[in-house]
Amino acid sequence: MAEMFFRLAEFERVTTEAVRCFSALLLAFFLSALVLPWPLLAQEQPSNWQMQVRKYCEAADWPSAMRVVEAEIARAPQDLDVKAWRARVLTWAGRLGEAELQYRQILAVDRRDPDNWAGLAAVCLREGKIKDALGAIEIAVEIDPKRADLHVAYARLLNVAGQPVQARAEFNKALSLNPTSTEARAPVQAGRSYANELHVGVENDSLSYAGANQGQGASLMTRWSPLWSTSVGGGFYERGGIFADKFIGSVTLHAPSFAAITMGGAIAGDNTVIPKSEAFFDFDRGLSKRDAKILKGIEFQYGQHWYWYQAARILTLNGAAVLYLPHDWTFTLGSTGARSAFSGAGVEWRPSGSARLGFPLLAWSTASLSGNILYAAGSENFASADQIGRFSSQTYGGGLRFEFSSRMYATFTYSYQRRTQNRTDSYSGAGYGIRF
């Protein structure tokens, strides 16, 4: 009996202590509610502003979505997450220039978030800035290489840039990280996409002193591996009413982190109006710096081309430097030295030079339009003309390139050349390409 009373007393004591502790905790809670500032308590409540933004964006009500985001920025002007939401809304609304600026301002403060780099890449892609988009998504992958969605985004950009082999490797990486990813699996199951590029074109030379020259041709480039690619093609030509045909082929070694080296040649049924055979060698080396503000990259090109005509031998030495500027502008300076050896005459070297400015014009979500203008002066450029002549010239021209999608594009080129003896040459050319 005594043991039972002892247990009841112990139970009563424990119960009393529990009630006292609970009362003390309850009193502390109410006191903290009175003492702590109300804004802090409000922060503990889940905010619904993001839900409101999503709702407005689904309805394409961009002004309302921006009002909600701007109100949040006014409340927390240093919150980078809110600013990232502002960049997303600007992107969805099609205000790409403002979206790019917002992402770059965020990344100037904090470069560690891969989502912001991926967002910048998406904006640059829609603006047609493929190189900037690739640079941004590469940084995102470097920051978090274990995210399958980033590898998928990188692969898609590589496809747009015409690098199908590298794109396939990125899709495979995404699958290894997330075997259930349908976004990565579909392109891989489709096989080696965009490994080939077929180009067809026509050209016309209207001469002031002779009948027009015409030509039609086609070429197929195939990327067999990250290291090797080949190109084969043929053309049909009419020169002064005489027809000729030509077959051309080349192989390119893409040496990683070094250069692209190309060797090739051509044979023709010349009928004395085009070279009966050709051989050429090209070296292409590029350097880039992602964070540069003015000169984003530079590309050096050097080539030698031999032409064997029925009555002459021509050797051209070609050099060029391509400067990659902000916003996808490019500036190219080129020079050519042509060594001519005619039957019954001596050997002669003749120089020429050119300058080309390339620039974007319009950009849509999956398409873009770019242009270029050209000026050249000097001797006849035997690297791009079939006929042999001894004259000086000045050439003015330009072109357009319309990318329908990552698979198809069209080009148009026009130039006007003034030659000695008051002769002129108006050249026009059009082409169409498809990647598959």
Shortest non-hydrogen contact between [X] and [Y], atoms and distance:
X: A99; Y: A87; value: CB-O, 3.7 Å
X: G215; Y: Y237; value: CA-CD2, 4.2 Å
X: V200; Y: A218; value: CG1-CB, 3.8 Å
X: T424; Y: S208; value: N-OG, 2.9 Å
X: L150; Y: A140; value: CD1-O, 3.5 Å
X: K246; Y: I274; value: CB-CD1, 4.3 Å

Checking [Y] against [X]: is there a side-chain donor and acceptor pair closer than 3.5 Å?
X: R435; Y: Y409; value: no
X: R67; Y: S64; value: yes
X: N196; Y: T222; value: yes
X: T272; Y: D270; value: no
X: R419; Y: Q417; value: yes
X: W224; Y: T230; value: yes
X: S206; Y: S426; value: no

Would you say [X]'s side chain and [Y]'s backbone share a donor-acceptor pair under 3.5 angstrom?
X: S370; Y: P360; value: no
X: W62; Y: Y56; value: no
X: R126; Y: T91; value: yes
X: N271; Y: F243; value: yes
X: R239; Y: Q214; value: yes

Should [X] and [Y] count as side-chain neighbours, where that means a heavy-atom distance under 4.5 Å?
X: S393; Y: T420; result: no
X: T395; Y: Y375; result: no
X: Q102; Y: K83; result: yes
X: N213; Y: N204; result: no
X: T316; Y: R339; result: no
X: R407; Y: N159; result: no
X: E100; Y: L120; result: yes
X: V82; Y: R86; result: no

Quick one: do H254 and T252 satisfy side-chain contact (heavy atoms from CB on, under 4.5 Å)? Show the steps, please. CA-CA 6 Å; H254 304 269; T252 301; 3.6 Å; yes
Distance (rounded to the nearest 0.5 Å) between [X] [atom1] and [Y] [atom2]:
X: I106; Y: D81; atom1: CD1; atom2: CG; result: 8.5 Å
X: M263; Y: I261; atom1: CE; atom2: CD1; result: 9.5 Å
X: W329; Y: N372; atom1: CH2; atom2: CG; result: 11.5 Å
X: E403; Y: T411; atom1: CD; atom2: OG1; result: 10.0 Å
X: Q52; Y: C57; atom1: CD; atom2: SG; result: 11.5 Å
X: E72; Y: E70; atom1: CD; atom2: CD; result: 11.0 Å

Verify side-chain contact (heavy atoms from CB on, under 4.5 Å) between Y324 and L287, making sure each step is shown before the conclusion. CA-CA 10 Å; Y324 293 93; L287 303 170; over 6 Å; no
So that I can tick it off, tell me whether E299 and R285 are bridged by a salt bridge, with the cut-off set at under 4.0 angstrom between side-chain N and carboxylate O. no
So that I can tick it off, tell me whether K55 and E58 are bridged by a salt bridge, with the cut-off set at under 4.0 angstrom between side-chain N and carboxylate O. no
Can you establish whether the number of heavy atoms outside [X] located under 6.0 Å from its atom [atom1] is more than 12?
X: L333; atom1: CG; value: yes
X: D110; atom1: CG; value: yes
X: F359; atom1: CZ; value: yes

Y307 vs H305 aromatic rings, parallel, tilted or perpendicular, using cut-offs 30° and 60°? parallel
Do the ring planes of Y302 and F281 sit parallel (below 30°), tilted (30 to 60°) or perpendicular (above 60°)? perpendicular
Kindly determine whether R156 and F171 satisfy side-chain contact (heavy atoms from CB on, under 4.5 Å), including the steps that lead there. CA-CA 9 Å; R156 289 175 174 171; F171 278 127; 4.2 Å; yes
Ring of Y209, cation from R423 - is the NZ or CZ under 6.0 Å from the centre and inside 45° of the axis? yes
Salt bridge (charged side-chain N to carboxylate O under 4.0 Å, His left out) evaluation trace for D115 with R147: CA-CA 11 Å; D115 288 321; R147 277 182 53 178; 2.8 Å; yes
Does the ring center of F258 lie less than 6.0 Å from the ring center of F283? yes
Walk me through it: do W117 and I137 pass the test side-chain contact (heavy atoms from CB on, under 4.5 Å)? CA-CA 6 Å; W117 286 108; I137 198 64; over 6 Å; no
